[in-house]
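This report refers to the structure that appears directly beneath it.
By convention in this document, chain letters (A, B, ...) are assigned in the order of the sequence lines, proteins followed by strands, and residues within each chain are numbered from 1. Below, all heavy atoms of this structure are taken into account, side chains as well, without hydrogens, waters or symmetry copies.
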Amino acid sequence: MKRKVLSIIVISAVIITIALSTIPLWGSPEFIQFSINALILATLAQSWNIIGGYTGYPSFGNSLFYGLGGYGVAIGMLQFNFPFALGLIFGVALAVLVAFLLGLPVLRLRGQYFAIATLALAQVMSAFVSNLDIAGGNIGLVLPLSLSDTLFFELSLGLLALTTLTVAWIANSRFGFGLIAIRENEQAAMVLGVNTTLYKVLAFALCGIFTAIAGGIHAYYITYLDPSSAFDSTLNIKMIIMTVFGGSGSILGPILGAFVLSGVAEILAIEITSLASLFFGLVIVLAIIFMPRGIVDFIRRFPELGWRYFQENIRIYRL
Amino acid sequence: MQLLWQILVNGILLGGFYALMSLGLVLVWGVLKIVNLSHGSLIMLGAYISYYLFSYFNVDPFAGLPISMLTLFCLGFLIQRYLINFVINAPMFNTLLITFGLDVTITYLAQLLFGADYRTINPDYTGANFILFGATVPLVRLYAFGVSISLTVILWLFLSFTKIGRAIRATSQNLVAARLYGVDPRLIYALTFAIGAAMAGAAGSLNGVISQINPYIGILFTAKSFVIAIIGGLENTLFVIAGGLILGVVEVLTALYIGPTYTNLISFGILVLVLIIRPTGLLGRTA
Amino acid sequence: MSAILEIQALTKNYQGILAVKDLNFTIENNEILGLIGPNGAGKTTLVNLISGTTLPSKGKILFENHSIENLPAYKRSLLGIARTFQIMRPFPGLSVLENVAVGALFGTSPGVSKIVEAEQEAQKCLEVVGLTGEASHRADSLNGPGRKRLELAKALAMRPKLLLLDEVMAGLNHVEIQEIVSLIKKVRDQGITILVIEHVLPAIKNLADRLLVLHHGMELALGKTEEVLQDPKVIEAYLGKKRE
């Protein structure tokens with residue numbers, strides 16, 4: 001990535017972030033609520049981008065980190081009387097531990113097997129926690145009400161900014177090149193000198209960290225936590241769709257995808273909720289066929305190719 | 001002891017059904033090399049077809065099996081030929097996502113059309129039981145077991161001994177070579193997916209009789225089909241019987257000895273362990 | 001002249017099939033060793049064993065007197081071993097320059113850590129192999145000969161001490177082969193030791209100082225190129241068919 005383009009992106013990102021941070025001042029309560037959810041989803045998408053987009057290991061189970069973050073905060077604050085920040089750290093520590101312990105064996109699996117393994121792991125973790133008394137079992141835990149919506153908004157915005165900055169750093173670092181090499185051809189990366197095992201686990205852990213923080217913030221925000229909401233498996237699909245739709249392996253793609261899809265879903269959900277989900281389903285199917293590389297790629301290449309852009313995408317991938 | 005025997009019988013009956021449930025997923029995975037995340041929703045459709053045939057036309061669910069199978073066969077053919085075909089040469093991840101999108105679409109379309117309430121199919125013989133060495137065997141489950149195993153064996157025979165079946169197996173092993181022998185891969189792929197869908201339809205019809213149906217049952221079917229696919233491997237479609245039986249028995253034993261809330265934990269835990277320890281599958285080989 | 005690589009009793013067993021059986025030889029510093037033999041003789045397996053793509057069943061591999069037979073591939077790259085693949089493995093979505101930059105970033109330690117420096121190094125390697133014009137093109141847009149050069153450039157960018165080339169000349173025409181031959185000689189002149197697997201005999205005659213002939217995973221002959229090519233065993237087993 002050219003230095004000049006990178007600096008333009010960074011500067012505009014800073015400006016936009018500052019602009020966005022003013023939303024709590026003028027937005028309606030519903031809009032602020034929607035924004036918080038959109039920001040958290042964007043963070044999830046961006047974290048997924050690290051392991052799925054850049055490293056090419058599509059995890060279908062990041063909800064496990066999300067839940068760990070949430071339960072870390074809840075258990076920390078309720079059972080050990082931690083302040084919120086310490087609870088977050090506790091959740092992150094859990095996530096990193098799991099990323100290393102479970103990541104090492106699971107990251108040895110290829111493509112779809114990795115996807116299935118992570119999906120299963122998320123279910124296992126959810127089922128495991130729902131049988132733990134310290135986590136309140138299936139009934140869950142209730143957290144104290146305290147921070148204002150504004151504070152949650154700024155926290156979520158800050159988290160998204162932090163995650164995106166990390167991704168931007170990755171995209172321009174030796175570490176990032178290593179991850180991309182793993183994605184493009186792992187065998188070749190190995191003989192070129194990339195310590196693929198270490199890099200994969202690090203990427204998984206990084207992803208886990210941000211996802212866990214998002215989970216912690218979300219748990220404290222809604223003040224209630226039970227296994228199905230903490231380890232919400234629909235999130236897995238949402239974060240993947242948003243990243244792919246926006247542009248997997250790009251810096252801004254996941255954010256674009258998350259904001260656009262959240263926005264449209266919100267508008268449709270005013271009607272009927274199942275209609276919104278139906279819409280999501282159709283969007284995914286059509287997007288995968290016509291724009292598999294996402295909005296970012298579309299923006300980059302549609303101007304020169306025009307409608308042939310879609311034809312090209314079909315032509316390359318059809319039987 | 002008596003309880004254990006009853007539980008085992010339950011597990012075996014469940015296992016037979018599980019075999020048919022996973023058959024479509026295993027076939028498609030083995031031949032097209034794609035994981036069809038919409039598999040469960042196809043089963044769900046089969047269930048609703050039987051439900052409406054029964055409620056409006058008094059068609060016995062077992063007699064109506066061919067209808068739901070045929071309908072899903074056509075649907076599956078169209079889905080593969082005109083949707084999945086467009087992304088089949090893309091990175092595997094794209095086919096995962098498109099089948100997921102399909103799953104979501106079918107599920108929520110079903111919710112809009114059929115409503116979210118639970119439904120069951122209750123023919124006259126629903127309550128009838130058969131006693132086997134002291135264990136109560138519900139007749140419908142026995143029939144379902146019989147149909148499941150029969151269909152699985154029939155499919156295996158079809159794949160092993162008919163010309164088309166052999167063409168399908170050739171395509172799964174070596175696409176290039178199969179092409180050289182005059183096989184049209186698009187036709188074979190569409191046919192295979194259609195057969196898989198038909199099997200899913202059959203499983204759905206049976207499920208309607210032995211359990212409740214609603215638009216959301218698909219995802220659990222898909223998930224359990226994975227487990228069976230990994231246990232049984234993708235080489236031989238007969239192994240789904242072994243895989244299904246293992247899963248069925250493990251589930252009921254878990255429910256009895258550990259607790260009903262642990263069933264999913266154990267099933268998926270097994271899946272992860274098998275994937276990590278023997279990625280090539282427990283019994284057969286996976287792709 | 002000291003040996004940069006020493007192979008001792010190296011054996012590789014693939015589920016009952018001995019791909020490589022009890023090999024013993026050395027590669028001298030800065031020589032070009034040709035590796036020939038019929039298909040299935042174990043040549044690529046040997047390269048896989050040296051580069052770490054595969055681990056041996058028995059035996060030792062000593063690189064600069066360090067035992068490396070159990071090291072993972074990336075550690076061997078850090079020590080200075082680079083290889084090309086017969087079935088080429090580019091990074092398809094990346095540009096030609098970026099492909100080579102990966103080699104510069106991760107090659108022999110201490111390696112380059114800044115992307116900018118890596119791309120500069122990569123640019124130099126592209127010049128050496130003659131791909132400067134395609135630097136910004138996608139790697140998967142290159143044709144056959146182009147991809148071969150890319151493989152070579154990637155390996156060169158790693159600043160290797162030992163370079164393993166697996167059939168870089170397959171599918172090239174006479175002119176292209178001549179170019180690759182002089183390229184390889186240029187690389188050797190930089191002090192690098194090279195092991196070349198090849199089927200194109202005239203090129204190997206021109207290139208290799210010594211020749212190792214493998215047959216059924218075992219050493220059939222090893223020595224100066226001229227002598228080996230006139231060895232009746234070798235002619236019978238391998239070249240005999242060519243004489244027709």
**Message:** Please determine whether the number of non-hydrogen atoms from other residues, nucleotides or ligands lying under 6.0 Å from atom CZ of F128(A) exceeds 12.
**Reply:** no

**Item:** CG on L102(B) to CD1 on I284(A), rounded to 0.5 Å
**Value:** 10.0 Å

**Message:** Is F60(A) in contact with chain B via its backbone, its side chain, both, or neither, using a 4.5 Å heavy-atom distance?
**Reply:** side chain

**Heavy-atom pair with the smallest gap, counting every atom of A117(A) and V272(B)** = O-CG2, 4.0 Å

**Complete:** Result for side chain to side chain contact (heavy atoms under 4.5 Å, CB included) between F268(B) and one of I116(A), L119(A), L121(A), V124(A) points to V124(A)

**Prompt:** Rounded to the nearest 0.5 Å, what separation is found between the CZ atom of R318(A) and the CG atom of N89(B)?
**Reply:** 10.5 Å

**Point-to-point distance, once rounded to the nearest 0.5 Å, from CZ of F86(B) to CZ of F290(A)** = 7.5 Å

**Prompt:** Given that the side chain runs from C-beta out, which part of L109(B) has a heavy atom under 4.5 Å from chain A: side chain, backbone, both or neither?
**Reply:** both

**Asked** Which residue out of N313(A), I237(A), T118(A) racks up the most heavy-atom pairs below 4.5 Å with chain B?
**Response** I237(A)

**Message:** Heavy-atom pairs under 4.5 Å with chain B: which of G52(A), P105(A), P292(A) has the most?
**Reply:** P105(A)

**Request:** Look at N131(A), V106(A), V283(A) and state which one has the largest set of heavy-atom pairs under 4.5 Å with chain B.
**Result:** N131(A)

**Prompt:** In Å, rounded to the nearest 0.5 Å, how long is the span from OG of S126(A) to CG of N264(B)?
**Reply:** 9.0 Å

**Message:** To check you understand the geometry: which heavy-atom pair defines the closest contact between G101(B) and V285(A), and what is its length?
**Reply:** C-CG2, 3.6 Å

**Request:** Fit a plane to each ring of F93(B) and W48(A), take the angle between them on a 0 to 90° scale, and name the class: parallel (under 30°), tilted (30 to 60°) or perpendicular (over 60°).
**Result:** parallel

**Asked** Considering all heavy atoms of both residues, which atom of G281(A) and which atom of T105(B) are nearest to each other, and what is their separation?
**Response** C-OG1, 3.2 Å

**Closest heavy-atom pair and its distance - M92(B), Q112(A)** = CG-OE1, 3.0 Å

**I241(A), part contacting chain B, at a heavy-atom distance under 4.5 Å** = side chain

**Asked** Does any heavy atom of chain B fall under 4.5 Å from the side chain of A115(A), the backbone, both, or neither of them?
**Response** side chain

**Request:** Can you tell which part of F100(B) gets under 4.5 Å to a heavy atom of chain A, answering side chain, backbone, both or neither?
**Result:** side chain

**Message:** If I take atom CG from residue L265(B) and atom CE from residue M125(A), how far apart are they, to the nearest 0.5 angstrom?
**Reply:** 10.0 Å

**Prompt:** Is L83(B) close to I289(A) at the side-chain level, that is, under 4.5 Å between some pair of heavy atoms?
**Reply:** yes

**Request:** Check each atom of V244(A) against the heavy atoms of chain B and say whether the ones under 4.5 Å are side chain, backbone, both or neither.
**Result:** side chain

**Message:** Return the CD1 to CG distance between I276(B) and L102(A), rounded to the nearest 0.5 Å.
**Reply:** 7.0 Å

**Request:** Please report the closest heavy-atom contact between Y317(A) and A90(B), naming both atoms and the distance.
**Result:** CD2-CA, 3.3 Å

**Option in T99(B), V227(B), I34(B), N85(B) with maximal non-hydrogen atom pairs under 4.5 Å from chain A** = N85(B)

**Request:** Please flag which part of L271(B) lies under 4.5 Å from any non-hydrogen atom of chain A: side chain, backbone, both or neither.
**Result:** side chain

